Amino acid sequence: MISILIPVHEVTVTKLVSELVTQCQKAKIDFEVLAFDDGSSDKIKQSNRSVLGIIGVNYVELSQNLGRRRIRNQLAKLARYDHLLFLDADSRILSKKYIRVYLKAITEHPNDVIAGGRIYSPNAPKDKSKLLHYLYGSQRESVAIKFRKRHPSRFFNSNNYVVPREVQLSMPYDVNIRGYGYEDLVMGKRFAKEGIAIRHIDNPVKHGKLRSVDDFLETTREAIENLYVLNEKYDMGHVRLQKAVNCIQSFRLAGPILYLLRSKHQQILDNLQSDRPKLFNYDLLRLEWLLSQYETQTTK
């Protein structure tokens with residue numbers, strides 16, 4: 001019936017796996033949980049090995065690090081059932097009917113991609129260094145169901161979705177793309193281009209792991225570099241940041257705006273590292289980084 005696929009990296013998944021197995025058993029369906037560890041520390045691996053004795057669970061520690069895209073492709077290939085549920089390892093199941101809601105959606109729309117959504121805690125973290133990630137996640141990534149339905153591919157997120165196995169195998173994650181970020185938007189666009197419906201439902205998981213501001217900005221910079229590469233291959237003009245850069249370039253304002261952003265760089269950075277970060281400043285920093293990518297390529 002369903003294969004639940006969890007790429008694992010530096011996250012303990014014992015509670016997540018246990019909850020999923022319990023719900024599948026109560027639903028009386030054929031299922032499997034594939035949790036593949038992709039280069040976690042020995043401490044995390046030791047903790048996760050407790051799931052080895054659970055019926056229906058296949059926990060594997062990979063001998064080499066595959067990376068975000070390759071491990072997802074590998075999980076899809078090894079899955080046994082017709083529908084795949086991809087879940088991020090730091091997800092927290094909120095509803096006791098989580099699996100049943102997906103099963104109902106699969107029955108009604110067996111050929112569609114079904115996206116459940118993501119939410120963040122209503123309470124800000126006590127650790128102020130994680131405020132920026134929390135603000136971005138709760139205000140930008142946690143999107144109400146009515147808005148997700150209006151723009152299905154734009155709000156597709158790979159952290160919590162069901163897809164027919166044959167569809168996923170026909171459109172694997174692009175392993176030639178290096179780095180973190182924006183692969184969700186690429187996948188959503190590819191689904192839409194191939195005429196595969198993305199159906200958004202109200203079945204969210206809670207995002208569990210927040211990064212410190214320095215780690216979050218590091219992955220942001222990596223994502224910006226990735227966006228530049230992806231735009232060359234897939235035309236990412238539907239992404240707001242890329243659309244802004246395209247507009248700036250069309251009016252030949254890239255140089256002056258980049259100069260201004262660089263003059264404010266430290267001021268912006270100081271705010272993002274404070275206990276009152278502003279997402280507007282975060283957007284300005286991302287804009288600076290993406291414009292810098294184009295400047296670098298132009299001067300080569």
Side-chain angles (χ1 to χ4, degrees), residues 1-25 30-81 83-94 98-99 102 116 118 130 133 137 141 157-163 165 168-169 171-184 187 204-212 214-216 218-219 222-223 226:
M1 178 67 186
I2 191 168
S3 296
I4 304 173
L5 311 180
I6 308 174
V8 182
H9 181 71
E10 293 300 336
V11 178
T12 301
V13 295
T14 50
K15 289 184 179 179
L16 174 63
V17 169
S18 179
E19 177 64 26
L20 290 167
V21 169
T22 297
Q23 290 199 21
C24 287
Q25 289 175 338
D30 293 327
F31 75 95
E32 64 177 348
V33 178
L34 305 184
F36 283 16
D37 186 279
D38 196 26
S40 297
S41 64
D42 289 339
K43 182 179 179 180
I44 293 294
K45 289 179 181 178
Q46 186 64 40
S47 176
N48 284 331
R49 285 170 191 157
S50 62
V51 305
L52 282 168
I54 302 176
I55 296 175
V57 176
N58 185 6
Y59 169 71
V60 176
E61 294 171 2
L62 302 176
S63 59
Q64 60 179 352
N65 184 269
L66 295 181
R68 293 171 55 84
R69 299 170 187 85
R70 280 191 170 85
I71 192 172
R72 285 174 173 267
N73 291 342
Q74 184 74 359
L75 284 164
K77 288 178 183 177
L78 294 175
R80 291 189 295 162
Y81 295 110
H83 284 85
L84 313 178
L85 166 56
F86 277 101
L87 269 175
D88 280 359
D90 63 348
S91 301
R92 296 182 183 178
I93 306 299
L94 299 172
Y98 173 77
I99 290 296
Y102 264 135
R118 166 197 280 169
K130 297 180 179 180
H133 187 184
E141 292 185 330
N157 200 303
S158 65
N159 75 300
N160 173 30
Y161 76 104
V162 167
V163 57
R165 182 173 181 270
Q168 189 66 54
L169 291 178
M171 284 185 286
Y173 284 89
D174 189 341
V175 298
N176 294 314
I177 303 169
R178 296 184 179 181
Y180 168 87
Y182 291 100
E183 59 262 31
D184 293 354
M187 187 60 74
V205 293
K206 182 179 176 183
H207 182 87
K209 188 177 181 181
L210 294 173
R211 293 188 175 94
S212 68
D214 291 337
D215 287 345
F216 185 63
E218 183 178 344
T219 49
E222 187 177 333
N226 208 30

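Quick note: numbers below take in every heavy atom, side chains included, and nothing from hydrogens, waters or symmetry partners. Values in this document were obtained by computation on a predicted structure and should not be read as measured data.
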Between Glu10 and Ser40, does any side-chain donor sit less than 3.5 Å from a side-chain acceptor?
-> no

Leu5, Asn160, Val33, Val163 screened by side chain to side chain contact (heavy atoms under 4.5 Å, CB included) with Leu85, the one that passes | Asn160

Test item: Leu20 and Leu87 side chains (from C-beta on) under 4.5 Å apart, heavy atoms | yes

Sidechain-backbone polar pair: Asp37 side chain, Gly39 backbone, donor-acceptor under 3.5 Å = yes

Enter the distance from Arg165:CZ to Tyr81:OH here, rounded to the nearest 0.5 Å.
-> 12.0 Å

Taking all atoms of both residues into account, what is the closest heavy-atom pair of Ala76 and Leu84, and its distance?
-> CB-CD1, 3.8 Å

Parallel, tilted or perpendicular for His133 and Phe216, by the 30°/60° rule?
-> parallel

Leu169 vs Lys77 side-chain heavy atoms within contact, under 4.5 Å | yes

Where Val8 and Ala35 come nearest, the two heavy atoms and their spacing | CG2-CB, 4.2 Å

Return the minimal non-hydrogen interatomic distance between Ala89 and Ile6, and the atom names on each side.
-> CA-CG2, 3.7 Å

Can you name the salt bridge (charged side-chain N to carboxylate O under 4.0 Å, His left out) partners of Arg118, sequence neighbours left out?
-> Asp88, Glu141

Sequence-distant partners of Ala223, side chain to side chain contact (heavy atoms under 4.5 Å, CB included), two or more places apart | Tyr180, Tyr182

Is a side-chain donor or acceptor of Glu19 paired with a backbone partner of Val17 at a separation under 3.5 angstrom?
-> no

Rounded to the nearest 0.5 angstrom, the CD1-CD1 distance for Ile93 and Ile99 is 7.0 Å

For Tyr98 against Gln23, the heavy-atom pair lying closest together | N-OE1, 3.2 Å

Would a 4.5 Å heavy-atom cut-off, applied to side chains only, mark Ser91 and His207 as touching?
-> no

For Arg70, which residues count as a side chain to side chain contact (heavy atoms under 4.5 Å, CB included) partner, sequence neighbours excluded?
-> Leu66, Val175

In short, Asn48 meets Thr14 closest at the heavy-atom pair OD1-N, 3.9 Å

Below 3.5 Å, can you tabulate the donor-acceptor pairs from side chains in residues 50-61 to any protein atom, sequence neighbours excluded?
from: Ser50; atom 1: OG; to: Ser47; atom 2: O; distance (Å): 3.1
from: Tyr59; atom 1: OH; to: Glu61; atom 2: OE2; distance (Å): 3.0
from: Glu61; atom 1: OE1; to: Arg49; atom 2: NH2; distance (Å): 3.0
from: Glu61; atom 1: OE2; to: Arg49; atom 2: NE; distance (Å): 2.7
from: Glu61; atom 1: OE2; to: Arg49; atom 2: NH2; distance (Å): 3.3

Kindly write out the residues that satisfy side chain to side chain contact (heavy atoms under 4.5 Å, CB included) with Asp184, not counting sequence neighbours, or none if the list is empty.
-> Asn157, Ser158

Reported CG-to-OG1 distance for the pair Asp214 and Thr219, which is rounded to 0.5 angstrom | 10.5 Å

For the side chain to side chain contact (heavy atoms under 4.5 Å, CB included) test, which of His83, Gln25, Arg80 pairs with Phe31?
-> Gln25

Sequence-distant partners of Asp215, side chain to side chain contact (heavy atoms under 4.5 Å, CB included), two or more places apart | Arg211, Ser212, Glu218

Heavy-atom closest pair, residues Gly67 and Asp38 | N-OD2, 2.8 Å

Nearest-0.5 Å distance, CG of residue Leu210 to NZ of residue Lys130 | 6.5 Å

Any side-chain donor near an acceptor of the partner, Gln168 and Tyr161, under 3.5 Å | yes

Polar side-chain atom of His9 near backbone of Val11 as donor-acceptor pair, under 3.5 Å | no

Under 3.5 Å, side chain of Asn73 to main-chain N/O of Tyr173, donor-acceptor pair present?
-> yes

